[in-house]
Amino acid sequence: MTREAARGRAFRGLAGPAPGGRPRLFCVPYAGGGDNAFDSWTPLVAGHFDVHVARLPGRGGRFGEPFPESLRALVRDLAAEMAPHLGEEAILFGHSMGATIALELARELRYVHGARLGRLVVSGRPAPGTRRRRLHDLDDEELAAVMRALGGTHPEVLEQPELWEVLAPILRGDLRLIETHEVAEGPPLDCPVAAYGAVHDPDTTRPLLEGWARVGTGPFTTRIFPGGHFYFRTHPEALATELLTRFAPRPS
């Protein structure tokens, strides 16, 4: 596929300056997530940010595309599309798998493309280097049980075999991508970093989140929200208020 044909695949409507001069908020979804992954809270901030959720290969409008050969390859493609449209107020948000992608994407944008982010926000994932259970090798029944416990998959999908047959390969492909990727030591980012977790998510206790401070040299903050791993579904206003209070432009 040519560069021209590839333009706009990952971020629908990303062209020219942001409407109304709003800061751009780029979001990277969790494993199995599509461009509707953050529909619970992005409408609450859309009046203040120009929101773009990544459309990853193998699902939604990119269903026929093969999965990336590596997380590094995915990051290169996302960065190439984003870099011409970044301003210094741009925010990059990633949840769970998307948090690791967002870190690597921030590095690629800064140190390959020379594009500066306003800030990096990572959510639902412990700091790089934390040992975690590998899920992509589980059989379908075990994987469905994990998804049911996390609460991020609609029960109807897990209970109807024809729907699970569609989601399971996407989910497994994403998990393989993230669980076979090693986050290497790299030059620290020079933008502020925020790390978010939830009270009932054992992977995001405050000590596990505080390790994210090592990825940058700028100001670092953490926040623990009510809820579980998908806290923004049960408490969307809490995340929206946090982003608006901390990062939305103040009226002049």
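The cluster map of Ile, Leu, Val, Met, Phe, Trp and Tyr, joined by side-chain heavy atoms under 4.5 Å apart, puts F220 and L120 in the same cluster. Following chains of ILVMFWY side-chain contacts shorter than 4.5 Å, one can reach L209 starting from V183, so the two form part of one hydrophobic cluster. Taking hydrophobic clusters as Ile, Leu, Val, Met, Phe, Trp and Tyr residues chained together by side-chain heavy-atom distances below 4.5 Å, I91 shares a cluster with L243.
Atom CG of D201 and atom OG of S96 lie 8.0 Å apart (nearest 0.5 Å). To the nearest 0.5 Å, atom NE2 of residue H181 and atom CE of residue M97 are 11.5 Å apart. Rounding to the nearest 0.5 angstrom, the gap separating the CZ atom in R246 from the OG1 atom in T241 is 12.5 Å. E237 contributes atom CD, which lies 9.0 Å from atom OG of S40 (distance to the nearest 0.5 angstrom). Once rounded to the nearest 0.5 Å, the distance linking CG of L239 with OH of Y231 reads 5.0 Å.
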Stepwise side-chain contact (heavy atoms from CB on, under 4.5 Å) test for R9 and D77:
CA-CA 10 Å; R9 284 186 303 153; D77 286 347; 4.3 Å; yes
Would R62 and L56 satisfy side-chain contact (heavy atoms from CB on, under 4.5 Å), going step by step from the backbone distance to the final call?
CA-CA 7 Å; R62 303 182 66 184; L56 304 182; 5.6 Å; no
Under the side-chain contact (heavy atoms from CB on, under 4.5 Å) rule, what do F247 and L25 come out as? Steps first, then yes or no, please.
CA-CA 10 Å; F247 308 136; L25 171 59; over 6 Å; no
V215 and V122: CA distance, side-chain angles, deciding distance, side-chain contact (heavy atoms from CB on, under 4.5 Å) verdict
CA-CA 11 Å; V215 308; V122 292; over 6 Å; no
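Nearest heavy atom pair, residue A127 against residue R214, reads CB-NH2, 4.5 Å. In terms of heavy-atom proximity, L105 sits nearest to M82 at CD2-SD, 3.5 Å. Heavy-atom minimum distance, S70 versus L177: C-CD1, 3.4 Å. Shortest non-hydrogen contact noted between L44 and A240 is CB-CB, 3.7 Å.
Residues satisfying the ring pair (Phe, Tyr, Trp, His ring centres under 6.0 Å) criterion with F49, sequence neighbours excluded, are absent altogether.
Residue pairs meeting the side chain to side chain donor-acceptor pair (under 3.5 Å) criterion with at least one member in residues 216-228, sequence neighbours excluded: R206-T222, R223-E242.
Using a cut-off of 4.0 Å between Lys/Arg side-chain N and Asp/Glu carboxylate O, E108 and R76 are scored as not salt-bridged.
Counting only distance, with no hydrogens or angles, the side chain of D203 and the backbone of P126 share no donor-acceptor pair below 3.5 Å. Between the side chain of R59 and the backbone N or O of P57, at least one donor-acceptor pair lies under 3.5 Å. Checking side-chain atoms of R24 against main-chain N and O of H85 turns up a donor-acceptor pair under 3.5 Å.
Taking a 6.0 Å sphere around OH of Y111, one finds it holds more than 12 heavy atoms contributed by other residues, nucleotides or ligands.
Between F230 and H95, the two ring planes are tilted [angle within 30° to 60°]. Ring planes of Y196 and F93: tilted class, angle from 30 to 60°.
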